[in-house]
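Working notes, beginning with the structure itself.
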Amino acid sequence: MIYAVIDTNVIVASFLTKHSDSATAKVMYAMGIGLITPLYNNEILDEYREVLSRKKFHFPITYIENVIEYTITHGIAMERLHYEGSLPDESDRVFYEVSLSKEDSFLVTGNLKHYPISPKVVTPRDFLETCLSNQL
């Protein structure tokens with residue numbers, strides 16, 4: 001089982017892309033077929049809902065609710081594990097702290113610079129190559 005916190009920017013990019021072979025689309029596909037178990041808490045779900053609902057994206061409400069419902073149904077709700085350090089964007093702290101709550105999990109993000117350097121924090125492409133190369 002592969003556990004991962006999926007940063008909101010990965011979901012946004014997967015919704016925006018016209019290429020089903022993009023790394024973000026493949027991450028979301030892998031989650032949808034059960035290769036990835038998403039980790040989340042209510043703050044993450046709230047951010048998904050808020051960001052994905054922004055008028056500038058024009059995402060159908062069904063897309064948004066499907067992602068949230070899938071995450072709740074097939075994911076694992078986790079508590080945050082406090083991180084002492086500072087982050088360039090403190091609003092991203094919840095994603096990092098939830099990823100810390102499960103030892104063998106990843107944080108999949110398009111914004112590596114927002115998080116501490118760690119093998120736990122990976123881009124969608126690196127995640128695919130490291131964890132899913134033989135499964136997709």
Checklist entry - If you measure only the distance, is there a donor-acceptor pair under 3.5 Å linking the side chains of Ser101 and Glu79? => result no
Checklist entry - Say you draw a straight line from CE of Met78 to OG of Ser105; how long is it, rounded to the nearest 0.5 Å? => result 7.0 Å
Next on the checklist: If you count every heavy atom of other residues, nucleotides or ligands that lies below 6.0 Å from Arg80 atom CZ, does the total exceed 12?
Outcome noted: yes
Checklist entry - Side chains of Arg125 and Leu128: does their closest heavy-atom pair fall under 4.5 Å? => result no
Next on the checklist: To the closest 0.5 Å, what do you measure between OG1 (Thr62) and CD (Glu65)?
Outcome noted: 9.0 Å
Checklist entry - Are Thr8 and Phe95 close enough, and set up right, to give a side-chain contact (heavy atoms from CB on, under 4.5 Å), and what steps lead you there? => result CA-CA 9 Å; Thr8 313; Phe95 292 90; 3.3 Å; yes
Next on the checklist: If we check side-chain contact (heavy atoms from CB on, under 4.5 Å) with Tyr48, which of these qualifies: Asp7, Ile6, Val12?
Outcome noted: Ile6
Next on the checklist: Just to verify, what does Phe15 make a ring pair (Phe, Tyr, Trp, His ring centres under 6.0 Å) with, not counting sequence neighbours?
Outcome noted: Phe59, Tyr63
Checklist outcome for this item: Rounded to the nearest 0.5 Å, the CG atom of Leu100 sits from the OH atom of Tyr83 at a distance of 8.5 Å
Next on the checklist: Looking at His19, I'd like to know if its NE2 atom is crowded, meaning that more than 12 non-hydrogen atoms belonging to other residues, nucleotides or ligands lie closer than 6.0 Å.
Outcome noted: no
Item to check | Verdict with reasoning, Leu107 to Val122, per side-chain contact (heavy atoms from CB on, under 4.5 Å) | outcome: CA-CA 6 Å; Leu107 169 55; Val122 294; over 6 Å; no
Item to check | Distance, nearest 0.5 Å, that separates OG of Ser53 from NE2 of His58 | outcome: 12.5 Å
Item to check | Ile117 with Leu81, same ILVMFWY side-chain cluster at under 4.5 Å | outcome: no
Checklist entry - Would Glu129 and Ser133 count as having a side-chain donor-acceptor pair, cut-off 3.5 Å? => result no
Checklist entry - Distance from Phe127 atom CZ to Lys26 atom NZ, nearest 0.5 Å? => result 13.5 Å
Item to check | From Ile44 atom CD1 to Glu97 atom CD, the distance as rounded to the nearest 0.5 Å | outcome: 10.0 Å
Checklist entry - Can any side-chain N or O of Thr123 pair as donor or acceptor with the backbone N or O of Asp126 at less than 3.5 Å? => result yes
Next on the checklist: A side-chain contact here means heavy atoms from C-beta on lying under 4.5 Å apart; do Val98 and Glu43 qualify?
Outcome noted: no
Checklist entry - Would you say the side-chain atoms of Asp89 and Ser91 include a donor-acceptor pair closer than 3.5 Å? => result yes
Checklist entry - Is the Lys NZ or Arg CZ of Lys120 less than 6.0 Å from the centre of Phe106's six-membered ring, within 45° of the axis? => result no
Checklist outcome for this item: Heavy-atom closest pair (Thr37 atom, Gly75 atom, distance to 0.1 Å) is CG2-CA, 4.2 Å
Item to check | Asp21 CG: over 12 foreign heavy atoms closer than 6.0 Å | outcome: yes
Checklist entry - So, for Pro124 and Val10, which heavy atoms are closest and what is the spacing to 0.1 Å? => result CG-CG2, 3.9 Å
